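Structure first, then comments.
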Amino acid sequence: MNINKNTLRNLLNPFYTHIEIIDETKSTNDDLKLVAQNINEPFLLIAKSQTNGKGRNGKSFYSPKNSGIYMSLLIKQHISKIDFLKISSMVGVAVCKSINELYNVSAKIKWINDIFISDKKVAGILCESSIKNGLVDYLIIGIGINVSKMEFDDELKEIATSIENNTNLKFDKEILISKILNEFYNILINNHDFLTYYKNNFYLNNSDIEILLKNNKISGTVLDIDENCNLIVETKNGILKLNSGEISIKKSKII
Ligand code: BTN
């Protein structure tokens, strides 16, 4: 399904000045890194497919043609003083809320910002930043969402899903993209509360989890996220406050 640039522009907040839609690339995040030094205004790059879509922690993001939304946003304004964890969580809320409100499903946010429907991942977010003189110089927010009805291979089918695998509702991609980015604008620029939505739609709440932290496996129970979006976990050695994206979390199996 095509994404129409004019339709999208009309739906989007004028804050999003530059919009490019391309057929295929390796990774929209990497493409924006190449132009980041030369562009000051927000730049939204959308690809219909990616051949080397990147996920967090060195993983890949499956990005087949016309099945999903693969987009990256470059921003330099309004972000220099915002904590990385907070901005990642804000994007997670914008994506989760948009999917829930449009499609009437029950998507949840897994810390930091994976989006799950019925225990399977439907969307992932990769935020990458460049720091200059201790401040964030630019931020690239990459968002990948499985949208259309999709069949996954054996490796993915237990852990991945798509929006349309969970609902009969369908929307043009311009509608979902603009809803997400307009929600994000309201959170980032208009200071709309996002933490309440995060907590109310928190996939890991009260869950027993296993955390892989620098090759150590730690078991614990998730208590909350705090106002800075740190994950608060109770372990047998006390309360742990996690603030790093470089960890992998698994819900423990309920026997
Ligand atoms: C994750 O699940 O760990 C994050 C996935 C992020 C995928 C998006 S798709 C658009 C952008 N370009 C990339 O290469 N990755 C992000």
Side-chain angles (χ1 to χ4, degrees), residues 1-12 16 18-36 42-74 91-92 94-96 98-100 102-105 107 110 113-128 140-184:
M1 191 202 302
N2 265 332
I3 302 171
N4 184 289
K5 191 161 151 180
N6 285 333
T7 312
L8 183 59
R9 195 183 286 288
N10 289 335
L11 292 167
L12 271 176
Y16 299 103
H18 297 284
I19 303 169
E20 275 305 325
I21 301 170
I22 54 176
D23 275 337
E24 186 170 271
T25 187
K26 287 184 178 164
S27 156
T28 51
N29 268 35
D30 285 351
D31 289 347
L32 285 189
K33 263 183 227 162
L34 296 176
V35 297
F43 186 169
L44 175 65
L45 178 64
I46 304 171
K48 289 178 199 155
S49 68
Q50 296 183 120
T51 52
N52 193 20
K54 295 190 316 176
R56 292 204 332 272
N57 302 337
K59 293 195 181 131
S60 60
F61 190 82
Y62 179 54
S63 316
K65 201 170 176 191
N66 292 329
S67 302
I69 289 170
Y70 318 112
M71 64 180 181
S72 299
L73 173 69
L74 167 74
V91 184
V95 174
C96 183
S98 301
I99 293 175
N100 282 337
L102 280 178
Y103 293 92
N104 196 22
V105 289
K110 182 182 167 199
N113 56 15
D114 283 337
I115 310 300
F116 273 56
I117 299 180
S118 303
D119 291 326
K120 292 183 180 179
K121 179 160 158 175
V122 72
I125 296 155
L126 174 66
C127 295
E128 299 184 276
I140 294 172
I141 299 168
I143 302 175
I145 309 170
N146 303 326
V147 179
S148 310
K149 279 222 181 314
M150 288 169 81
E151 281 188 22
F152 296 93
D153 64 18
D154 286 351
E155 201 191 323
L156 283 178
K157 71 177 176 216
E158 298 303 321
I159 53 172
T161 189
S162 77
I163 296 177
E164 291 181 12
N165 284 7
N166 289 276
T167 177
N168 289 324
L169 296 173
K170 275 179 192 282
F171 292 92
D172 291 340
K173 292 208 175 99
E174 295 89 339
I175 296 192
L176 179 57
I177 294 169
S178 58
K179 179 145 176 72
I180 291 169
L181 295 175
N182 292 341
E183 288 285 354
F184 178 62

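Please read all numbers here as calculations on a predicted model, not as lab measurements. The analysis underlying the following values was restricted to heavy atoms, covering all of them including side chains, and did not include hydrogens, waters or symmetry mates.
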Correct closest heavy-atom pair for Leu44 and Met71 would be CD1-SD, 4.1 Å
Query raised in the report: Would a 4.5 Å heavy-atom cut-off, applied to side chains only, mark Asn146 and Phe61 as touching?
Result: yes
One should read off an interatomic distance between Phe152 CZ and Ser67 OG, to the nearest 0.5 angstrom, of 8.0 Å
For Thr25 and Ala47, the nearest pair of non-hydrogen atoms, with its separation, is CG2-CB, 3.9 Å
(Q) Is it the case that the side chains of Asn2 and Lys173 hold a donor-acceptor pair, with the cut-off being a distance below 3.5 Å and no angle test? (A) no
Residue set satisfying side-chain hydrogen bond (donor to acceptor under 3.5 Å, both in side chains) with Ser27, at least two apart, ordered chain then number -> none
When every non-hydrogen atom of Ile22 is compared with those of Asp31, the smallest separation belongs to CD1-OD2, 4.1 Å
Point to revise | Residues Thr167, Asn104; criterion side-chain contact (heavy atoms from CB on, under 4.5 Å); working and verdict | key: CA-CA 8 Å; Thr167 177; Asn104 196 22; 5.9 Å; no
Between the CD atom in Glu155 and the OH atom in Tyr62, the distance rounded to the nearest 0.5 Å is 11.0 Å
Is any side-chain heavy atom of Leu73 closer than 4.5 Å to a side-chain heavy atom of Ile140? no
> Within a radius of less than 6.0 Å around NZ of Lys5, do more than 12 heavy atoms belonging to other residues, nucleotides or ligands occur?
Replying inline: yes
Between Ile115 and Lys121, does the side-chain contact (heavy atoms from CB on, under 4.5 Å) criterion hold? Intermediate values first, please. CA-CA 6 Å; Ile115 310 300; Lys121 179 160 158 175; over 6 Å; no
Assess the residue pair Ser72 and Ile143 against the criterion (side-chain contact (heavy atoms from CB on, under 4.5 Å)); give the C-alpha distance rounded to whole Å, side-chain angles, the decisive distance to 0.1 Å, and a yes or no.
CA-CA 6 Å; Ser72 299; Ile143 302 175; over 6 Å; no
Val105 versus Leu169: any side-chain heavy-atom pair under 4.5 Å? no
CD1 of Ile180 to CD1 of Ile69, rounded to nearest 0.5 Å, is 5.5 Å
- Query: Are Arg56 and Asp114 ion-paired here, with the side-chain N under 4.0 Å from a carboxylate O?
  - Reply: yes
- [ ] Could you check if a side-chain atom of Phe171 sits within less than 4.5 angstrom of a side-chain atom of Val147, using non-hydrogen atoms only?
- [x] no
Give a yes-or-no answer on whether the side chains of Asn166 and Thr161 include a donor-acceptor pair shorter than 3.5 Å. yes
CG of Asn182 to CD1 of Ile177, rounded to nearest 0.5 Å, is 11.5 Å
Could Glu164 and Lys170 be called an ion pair, given the rule that one side-chain N must be under 4.0 Å from one carboxylate O?
-> yes
Glu24 side chain to Ser49 side chain, donor-acceptor N/O pair below 3.5 angstrom:
yes
Exercise for review: Would you please classify the geometry between the Phe43 ring and the His18 ring as parallel, tilted or perpendicular, with 30° and 60° separating the classes?
Suggested key: tilted
Any non-hydrogen side-chain atom of Ile99 less than 4.5 Å from a side-chain atom of Ile145? yes
On a heavy-atom basis, the closest approach of Ser162 and Ser148 is OG-O, 2.7 Å
**Study point:** Lys120/Glu158 under salt bridge (Lys or Arg N to Asp or Glu O under 4.0 Å): CA gap, chis, key distance, verdict
**Key:** CA-CA 7 Å; Lys120 292 183 180 179; Glu158 298 303 321; 5.3 Å; no
Query raised in the report: Would you say Asn4's side chain and Asn6's backbone share a donor-acceptor pair under 3.5 angstrom?
Result: yes
Q) Step by step, would you call Leu8 with Ile46 a side-chain contact (heavy atoms from CB on, under 4.5 Å)? A) CA-CA 11 Å; Leu8 183 59; Ile46 304 171; 3.6 Å; yes
Tightest non-hydrogen contact, residues Val122 and Ile117, listed as CG1-CG1, 3.9 Å
Quick note, salt bridge (charged side-chain N to carboxylate O under 4.0 Å, His left out) partners involving residues 141-154, not counting sequence neighbours, are Asp154-Lys157
Heavy-atom nearest pair, Pro64 first then Tyr70, reads O-OH, 2.8 Å
Tested for side-chain hydrogen bond (donor to acceptor under 3.5 Å, both in side chains) against Asn29, the lone hit among Gln50, Lys54, Glu128 is Glu128
Student check: side-chain heavy atoms of Leu176 and Tyr103 closer than 4.5 Å | yes
Taken to the nearest 0.5 Å, the spacing of Leu12 CG from Glu174 CD works out to 10.0 Å
